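Residues: numbered from 1 along the sequence shown. Scope of the values below: all heavy atoms of this structure, side chains included, with no hydrogens, waters or symmetry mates. Just so it is clear, the structure is predicted and the values come from calculations on it, not from any experiment.
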Amino acid sequence: MTSSETALECKFTDLSKELAVEISEMEALKSDHLLKKIEIEALRQKQTELETRISDLLKAKGHLENCFDELKDETVLLNSSLETKVLQRQSSVLEKAKQDLEVQLSELQKENVQLSEWISAMEAHLRYLTCEKESCHLELQHLEYQVDSLHDEI
């Protein structure tokens with residue numbers, strides 16, 4: 001074997017080793033590439049699932065917003081209904097109070113009529129007593145006049 005053959009053999013061995021390393025690195029790169037492709041595919045699948053989930057959530061959000069709007073409308077109606085019921089209740093209480101006052105007013109009017117009748121009777125009795133007093137006074141004067149006349153005769 002000559003030195004050029006040895007050198008060639010050496011170079012061949014070096015190149016073979018280099019080739020083996022390159023092949024090994026290439027296999028590793030192919031393996032990494034395959035893993036990356038699988039990972040990318042898994043990520044795309046996950047992305048599709050997330051997009052579907054986002055779409056579902058957006059639909060649910062839209063539905064919830066509609067429900068919320070309906071609930072707001074129903075709350076307004078309910079509040080209006082409650083206000084109406086409160087006003088009806090207050091109206092009922094006021095109506096009852098009005099009826100009570102009307103009963104009291106009627107009783108006071110009856111009592112006023114009775115008092116007016118009593119006052120009229122008392123005034124009539126007072127007129128009678130005044131007339132009676134005047135009559136007694138006149139009779140007393142007449143009696144005094146008679147007593148004076150009798151005194152004068154004696």
Side-chain angles (χ1 to χ4, degrees), residues 9-148:
E9 203 173 287
C10 230
K11 195 167 188 166
F12 177 75
T13 306
D14 286 343
L15 285 175
S16 290
K17 286 180 187 178
E18 235 179 88
L19 181 62
V21 167
E22 289 290 325
I23 289 174
S24 173
E25 284 179 3
M26 201 161 161
E27 290 298 321
L29 286 174
K30 280 184 183 178
S31 176
D32 282 348
H33 180 71
L34 183 60
L35 288 174
K36 294 294 180 194
K37 273 187 170 181
I38 292 171
E39 190 177 331
I40 288 170
E41 187 57 38
L43 288 173
R44 282 191 178 137
Q45 188 176 359
K46 187 71 169 177
Q47 181 183 19
T48 303
E49 289 172 7
L50 289 174
E51 287 172 352
T52 302
R53 190 169 174 200
I54 288 170
S55 175
D56 291 346
L57 288 173
L58 288 174
K59 287 177 188 174
K61 178 186 173 207
H63 179 72
L64 286 174
E65 286 173 345
N66 286 340
C67 289
F68 179 72
D69 290 342
E70 290 174 10
L71 186 61
K72 258 190 347 188
D73 293 343
E74 288 176 15
T75 301
V76 167
L77 290 174
L78 184 60
N79 284 341
S80 174
S81 175
L82 285 174
E83 288 173 3
T84 300
K85 286 181 181 179
V86 166
L87 290 175
Q88 286 174 342
R89 196 174 309 126
Q90 288 175 344
S91 175
S92 176
V93 167
L94 290 174
E95 186 64 32
K96 175 78 170 98
K98 178 185 169 195
Q99 290 171 354
D100 291 346
L101 288 174
E102 286 174 349
V103 167
Q104 289 177 358
L105 177 63
S106 176
E107 290 172 359
L108 288 173
Q109 287 173 336
K110 286 177 187 176
E111 189 176 327
N112 191 27
V113 167
Q114 289 173 348
L115 288 173
S116 294
E117 290 172 354
W118 185 75
I119 289 170
S120 293
M122 294 308 283
E123 285 174 341
H125 188 65
L126 181 62
R127 282 192 300 275
Y128 169 76
L129 289 175
T130 303
C131 286
E132 211 37 52
K133 177 184 167 193
E134 284 181 19
S135 176
C136 285
H137 184 66
L138 287 174
E139 194 175 324
L140 181 63
Q141 282 180 345
H142 181 65
L143 287 173
E144 285 177 351
Y145 176 74
Q146 283 179 349
V147 167
D148 283 342

side-chain contact (heavy atoms from CB on, under 4.5 Å) filter on Q90, not counting sequence neighbours, yields V86, L87
For the atom pair CG (L19) and CG (D14), what is the distance rounded to the nearest 0.5 Å?
12.5 Å
Can you pull the salt bridge (Lys or Arg N to Asp or Glu O under 4.0 Å) pairs that have at least one residue in residues 46-69, sequence neighbours excluded?
K61-E65
Spell out, as yes or no, whether a donor-acceptor pair under 3.5 Å connects the side chain of S80 to the backbone of V76.
no
Just how far is it from atom OG1 of T13 to atom CD of E9, taken to the nearest 0.5 Å?
5.5 Å
Interatomic distance, K30 atom NZ to I23 atom CD1 [nearest 0.5 angstrom]:
9.0 Å
Report the distance from atom CE of M26 to atom CG of D32, rounding to the nearest 0.5 Å.
13.5 Å
Using 0.5 Å steps for rounding, measure from the CG atom of L64 to the CG atom of L71.
11.0 Å
Could you list the residues that satisfy side chain to side chain donor-acceptor pair (under 3.5 Å) with E117, not counting sequence neighbours?
none
For Q141, what residues pass the side-chain contact (heavy atoms from CB on, under 4.5 Å) criterion, not counting sequence neighbours?
H137, L138
OG of S120 to CG of L126: how many Å apart, nearest 0.5 Å?
12.5 Å
For S81, enumerate each residue passing the side-chain contact (heavy atoms from CB on, under 4.5 Å) test, keeping only those at least two apart in sequence or located in another chain.
K85
Sequence neighbours excluded, which residues qualify as side-chain contact (heavy atoms from CB on, under 4.5 Å) partners of H33?
K37
Sequence neighbours left out, what pairs pass side-chain hydrogen bond (donor to acceptor under 3.5 Å, both in side chains) with at least one residue falling in residues 15-27?
none
Between S135 (side chain only) and C131 (backbone N and O only), is there a donor and an acceptor less than 3.5 Å apart?
no
With a 3.5 Å cut-off and sequence neighbours excluded, list the donor-acceptor pairs that the side chains of residues 97-110 form with protein atoms.
from, atom 1, to, atom 2, distance (Å)
D100, OD1, K96, NZ, 3.0

Please check if the side chain of T48 supplies one atom and the backbone of R44 the other of a donor-acceptor pair under 3.5 Å.
yes
Sequence neighbours left out, what pairs pass salt bridge (Lys or Arg N to Asp or Glu O under 4.0 Å) with at least one residue falling in residues 123-140?
none
H63: partners by side chain to side chain donor-acceptor pair (under 3.5 Å), with sequence neighbours left out:
none
